[in-house]
Structures are given as C-alpha cells and as structure tokens.
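Worksheet: one structure, shown below.
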Amino acid sequence: MADDKKLTTRQADFSAWYNELVLRSELADYSPVRGCMVIRPNGYGIWERMQRALDGMFKATGHENAYFPLFIPESFMHKEAEHVEGFAPELAVVTHGGGKELEEPLVVRPTSETIIYSMYAKWVQSYRDLPIRINQWANVVRWEMRTRLFLRTMEFLWQEGHTAHATHDEAEEETRLILGIYREFMEQWMAMPVVTGLKTQSEKFAGALRTYGCEAMMQDNKALQAGTSHNLGQNFAKAFDLKFQGESGAIEHAWNTSWGVSTRLVGGLVMTHGDDNGLRTPPRLAPIEVVVVPIWKSDEERARLLEAAARLRDHLTGWGGRGDDRIRVRIDSREGIKPGAKYYEWELRGVPLRVELGPRDLEKNACVAARRDRREKVTLPLDGLAPAIGALLEDIQVSMLAAARARREANSIREPVTYDRFRELMEGEGAFVYAGWNGDPAVEARVKAETKATIRCLPDTEFRTTPAPQRCMVTGEPAQHEVVWARAY
RNA sequence: CGGGACGUAGCGCAGUCCGGUAGCGCACCUGAAUGGGGUUCAGGGGGUCGCGGGUUCAAAUCCCGCCGUCCCGACCA
C-alpha cells in the first residue's frame with residue numbers, strides 16, 4: 001500500500017478505499033489496542049471545526065457546557081431496564097484500583113444518561129429549576145466486536161446533550177430543535193444531506209420513548225446514522241428520582257432528552273465526499289482552505305516566489321469579507337519536492353483550493369486556482385484576489401452539497417417496488433428505498449434477517465413521497481407508515 | 001463467540017513445501033542535478049523473522065503450545 005501511488009478505487013473495493021484514504025491522508029492511525037484509534041492532526045483539525053460549529057449552535061439555542069466523570073457506579077446502569085439491556089454487553093468495567101479490588105465496580109461510560117440524571121435529581125426541587133439544558137464534550141467507551149476507523153471504535157469522542165423539562169411537550173420540542181440543528185450542521189457545514197425522521201421501536205435508543213435520527217447516504221449507497229436525538233420521556237427521571245414540585249404543588253417526574261453526534265461524522269465526511277484521489281473537505285470544515293504552492297527553479301526565483309507567496313497569504317488572511325472568519329491559508333514551501341508531488345499530496349488531504357504561483361504567473365500579476373471538488377483550474381488576477389477566492393470557496397461549499405444531494409436522489413427509489421426487487425437491490429448496488437410498511441415489528445425483523453436492510457426512519461414530512469405509498473412492500477397490507485429502507489453502517 | 005487467512009525493516013511483501021550468510025519494492029538519510037501534475041542518478045542506515053518450548057551440528061523454515069491481527073457471520077453512534 002505505501003508503495004502504491006494510487007488509492008484503491010471506490011469501484012474496486014469501497015471498504016479498502018476508505019481504510020487507505022483515512023490512513024494515507026493521515027486522518028487517523030490504528031492504536032496498539034485493538035479497536036481503538038489515534039486521531040491525527042489532520043483528522044482532529046476537522047473534528048475541532050465540527051466542534052466549534054456545533055458548540056456555537058448549541059449555545060445560541062440556550063445550552064451550556066459542563067463535564068461529568070468518566071466512571072459510573074455499576075449499579076447506576078441497572079436502574080433503567082431497557083438501558084441495561086441495551087448497553088450491558090458492551091460495557092468496560094473497572095474492578096481494581098490502587099492495587100485493590102473495588103467494593104463496587106465502576107463502569108467506563110458508554111453514554112452518560114445515568115450519572116447525569118442522578119445529578120439532576122440533586123439539583124432540581126421546583127419547576128423553577130427547569131429546564132436544565134447541558135451539553136458535554138467527552139469520550140465514551142463501548143466494547144465493540146467489530147470496529148472500523150471513525151465509524152465504530154471502542155473509544156470515541158462525541159458531544160452528548162442532556163436536558164430536563166417540566167412537560168412532555170417541552171421535551172419533544174427540544175428533541176426536534178436539536179434534530180434541526182444537526183440537520184443544518186450536516187448540510188451547511190459538512191455538505192452532507194440527510195433524511196431526518198423517527199426511528200422504529202427496534203432501532204430507538206435503549207431507554208428512550210422515541211428516537212429521531214439523521215440518515216446520510218454514503219457513496220456505496222449504504223446509510224450512515226449520523227446523529228440521534230432522543231425523547232427519553234420520564235423513564236430515566238423515574239429511575240433516578242428526578243422529581244420537581246409543579247406550580248400546582250404536585251410532585252412530578254421531569255421529562256428528559258438526550259442527543260449526540262460523534263467522531264463518526266468524520267467517517268461520514270470521507271464516505272460522502274472522498275474520491276479516488278483522496279479526501280475532499282468542504283471549505284467550512286477544512287483546517288486549511290487554501291494551500292499556496294510557490295514554484296521556482298533558481299535560488300533567486302525561490303526568494304522572489306516565497307516573498308510573493310507570503311504577500312498573497314497576508315492578502316487573503318487580511319480580507320474581512322467573512323468578518324472574523326478569516327481564510328485559512330498554508331504555504332507549502334518545502335524544497336526537494338516537485339510541485340506535482342505537492343499537488344497530489346494536498347489533493348489526498350482534501351484541501352478545497354490550491355493556488356499555484358510561479359514566475360510566469362508573477363509576470364502576468366496572476367495566479368492559478370485549482371478547486372479540489374471538480375479538479376478544475378482557473379487563472380485569477382492577483383489584484384482583488386481575496387474576494388474571488390472567498391467566492392470560489394463559497395461555491396465549492398454549495399456545489400459539494402448539491403452534488404451529494406443529487407447522488408443521493410439518484411440512488412433513492414420512490415416508486416413502489418416488489419419485495420423481490422428490493423432484495424435484489426439490497427444484495428446489489430444498494431439504495432434508499434421509500435416504501436409502505438404495515439407497522440409490524442415482525443416484518444421489520446424478517447426483512448433485516450433476509451436482506452440485512454433496516455428501516456432507517458419514518459421520514460419527516462419534507463422527505464416523504466407523494467402520493468404516499470398505500471401498501472406494505474413486504475405483505476401488501478395497507479401501509480401504516482412510509483419508511484426508508486437501506487443497509488446501514 | 002463460530003468459520004477463514006495471516007504474523008519476516010516504518011509500510012507492502014518474497015523466502016517456509018525441500019533446514020545451511022535474511023532479501024525485494026516503497027518510505028527514510030546524504031550529495032548532486034531537477035523543479036508549471038507523482039524527478040533522476042550515486043551512496044547509505046535500518047531486522048531479537050509475533051512469543052515460549054522442542055528436534056538438530058545448524059531453525060524464519062520442521063514439531064508442540066501460546067499470543068495477536070485482519071476478513072466473513074451474531075451485537076452496535
């Protein structure tokens with residue numbers, strides 16, 4: 001692999017392509033511990049930008065950050081019946097500390113509902129103490145059988161929001177608010193279109209009343225659950241005695257929500273936008289938006305070009321057309337590497353825009369800008385370059401979303417299909433299949449067993465098909481819901 | 001945890017059948033030329049052959065045991 005200049009193509013082996021891309025673009029590397037990964041600066045830089053964007057959106061809607069501990073008393077996990085059942089098989093448990101066996105084992109959090117709601121129970125007495133809307137950025141551990149870089153690792157980074165409300169409707173509103181934030185982030189920042197909707201009972205979060213999710217289509221036409229937002233009802237409040245006295249004087253249990261997105265999103269970004277030359281990063285998430293490659297022959301030229309490149313960088317960085325969000329520029333002044341080799345490297349890493357600056361350009365007072373998304377080059381005058389670059393970056397961002405959306409729609413099936421045809425599709429090229437469902441969990445289970453496809457969601461109104469499907473795809477009975485079927489990661 | 005494969009330089013591999021000086025490609029270091037889409041030449045460094053035991057004059061190679069990784073299935077953000 002290290003000797004091959006070219007990546008395995010997506011066509012040849014999607015999964016090998018993905019692994020090679022992640023490793024070679026230095027997003028991440030395998031760790032000495034099975035199932036864990038090291039997130040390298042290139043990957044972490046993207047995650048940091050994701051964090052910054054989401055964090056801003058959470059705060060703008062009234063949430064605050066806090067931090068709860070990594071260790072949870074084992075007994076906490078057993079207090080909510082479905083929750084234990086869901087998470088017990090994948091818990092890491094600490095039984096010894098300081099050379100002694102612990103009286104009560106500590107669970108390494110797989111998610112923090114239990115410890116957070118136990119604390120909320122301490123903090124809430126009156127309806128005046130509500131709502132509580134806290135988010136935390138943390139790592140969690142789930143003992144997974146099979147792992148894949150970013151998509152499923154035993155330890156991963158995420159944010160988990162946990163709120164407590166006085167009424168069901170307020171909790172529901174919060175759940176939907178967050179789903180909308182996720183969708184906006186995924187579309188506007190990641191340029192990754194998603195279908196939002198309700199999860200079925202079998203796919204919902206362990207312990208939730210209802211789960212909503214964002215489903216994105218990867219380039220192999222499989223679905224990636226990119227984010228979830230749960231209305232927990234009063235399940236955890238009852239388990240952890242989270243009660244308050246209402247205006248009327250009555251004691252009631254609070255209503256909770258929880259929601260999260262993880263470093264899995266980085267994997268989603270790769271599988272949404274990557275091509276056979278490497279990663280393509282949407283500008284808004286790119287740690288480096290513009291890489292300047294100066295080209296020279298002689299030492300004299302080198303000095304001249306490096307100086308011109310620095311001026312160009314300062315010009316771009318100094319531009320205020322995006323307010324405080326300055327264009328992120330890097331100059332690649334490395335010697336001994338030919339420009340062509342630099343081009344390939346930065347393309348592999350997904351930098352959205354490359355600016356080539358050589359003696360010929362300087363003479364014309366111009367430069368060449370090459371956009372990563374379409375691998376197209378344009379010559380731009382150096383005078384007034386910044387606004388032009390700003391506009392190009394904006395166009396790349398918008399084009400990437402449009403291209404991803406077009407690809408998803410091209411691989412979505414909304415006409416009625418027979419179950420046989422459906423099975424063929426799932427065995428073959430894959431798709432998002434919109435179809436009627438009779439609402440029976442047994443049908444869902446059967447389809448999963450027979451095709452590995454699952455109901456990704458009951459899509460929200462704006463994603464539904466008109467006219468609505470009348471019949472269940474599997475049984476032919478009247479449809480209770482329209483659902484989206486797909487194989488998923 | 002069931003089925004399959006593999007473990008030799010940083011990475012990818014050959015060598016194992018048939019025991020006899022540990023090799024190749026890429027990467028890396030040095031020097032020179034080169035430089036607008038993956039440069040070329042010359043020189044160089046780097047290995048307890050997964051671990052433990054056994055057989056043998058001699059083990060990467062044969063035998064036994066262990067460990068680990070990857071792929072396919074059941075579970076999952």
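Just so you know, these numbers use all the heavy atoms, side chains as well, and skip hydrogens, waters and symmetry mates. Computed from a predicted structure; not experimentally measured.
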Which ones in [range] lie close to RNA chain B, meaning a heavy atom under 4.0 Å from one of its atoms?
range: residues 202-230 of chain A; value: Q225(A)
range: residues 363-376 of chain A; value: V368(A), R375(A)
range: residues 266-301 of chain A; value: I295(A), W296(A), K297(A)

Who pairs with [N] - Watson-Crick or G-U, where each distance is under 3.5 Å:
N: G36(B); answer: none
N: C11(B); answer: G25(B)
N: C57(B); answer: G20(B)

Listed by chain and number, what are the side-chain contact (heavy atoms from CB on, under 4.5 Å) partners of [X], not counting sequence neighbours?
X: A386(A); answer: H315(A), L316(A), W319(A)
X: A308(A); answer: R311(A), L357(A), L362(A)
X: A445(A); answer: none
X: P110(A); answer: M77(A), F87(A), L91(A), V107(A), R142(A)

Inter- and intrachain pairs under salt bridge (charged side-chain N to carboxylate O under 4.0 Å, His left out), touching residues 201-230 of chain A, at least two apart: E82(A)-K204(A), E172(A)-R210(A), K199(A)-E215(A), E203(A)-R456(A), E215(A)-R456(A)
Which pairs with one or both residues in residues 69-80 of chain A pass salt bridge (charged side-chain N to carboxylate O under 4.0 Å, His left out), sequence neighbours excluded? none
Under 30°, 30 to 60°, or over 60°: which ring-plane class applies to W259(A) and Y182(A), parallel, tilted or perpendicular? perpendicular
Not counting sequence neighbours, which residues clear ring-ring contact (aromatic ring centres under 6.0 Å, His included) with Y343(A)? List them please. none
Using the C1' atoms only, state how far G25(B) lies from A9(B), rounded to an integer number of Å. 12 Å
In whole Å, what separates the P atom of U8(B) from that of G50(B)? 6 Å
Can you check whether Y344(A) stacks with the G38(B) base, using ring centres under 5.5 Å and planes within 30°? yes
Please list, chain by chain and in numerical order, all residues satisfying side-chain hydrogen bond (donor to acceptor under 3.5 Å, both in side chains) with E90(A), sequence neighbours excluded. none
Side-chain-base donor-acceptor pair under 3.5 Å for [X] and [N]:
X: R354(A); N: G37(B); value: yes
X: K377(A); N: G37(B); value: yes
X: E347(A); N: G38(B); value: no

Using the ring of W189(A) (Phe, Tyr or Trp, six-membered ring only), decide whether R284(A) places NZ or CZ under 6.0 Å from its centre and within 45 degrees of its axis. yes
Considering every strand and a 4.0 Å limit on heavy-atom distances, what is the contact class for P89(A): base, sugar-phosphate, or nothing? nothing
Under the rule for salt bridge (charged side-chain N to carboxylate O under 4.0 Å, His left out), what residues qualify as partners of K377(A), not counting sequence neighbours? E356(A)
Nearest heavy atom decides the nucleotide; on that basis, is Y489(A) or D361(A) closer to the 5' end of RNA chain B? D361(A)
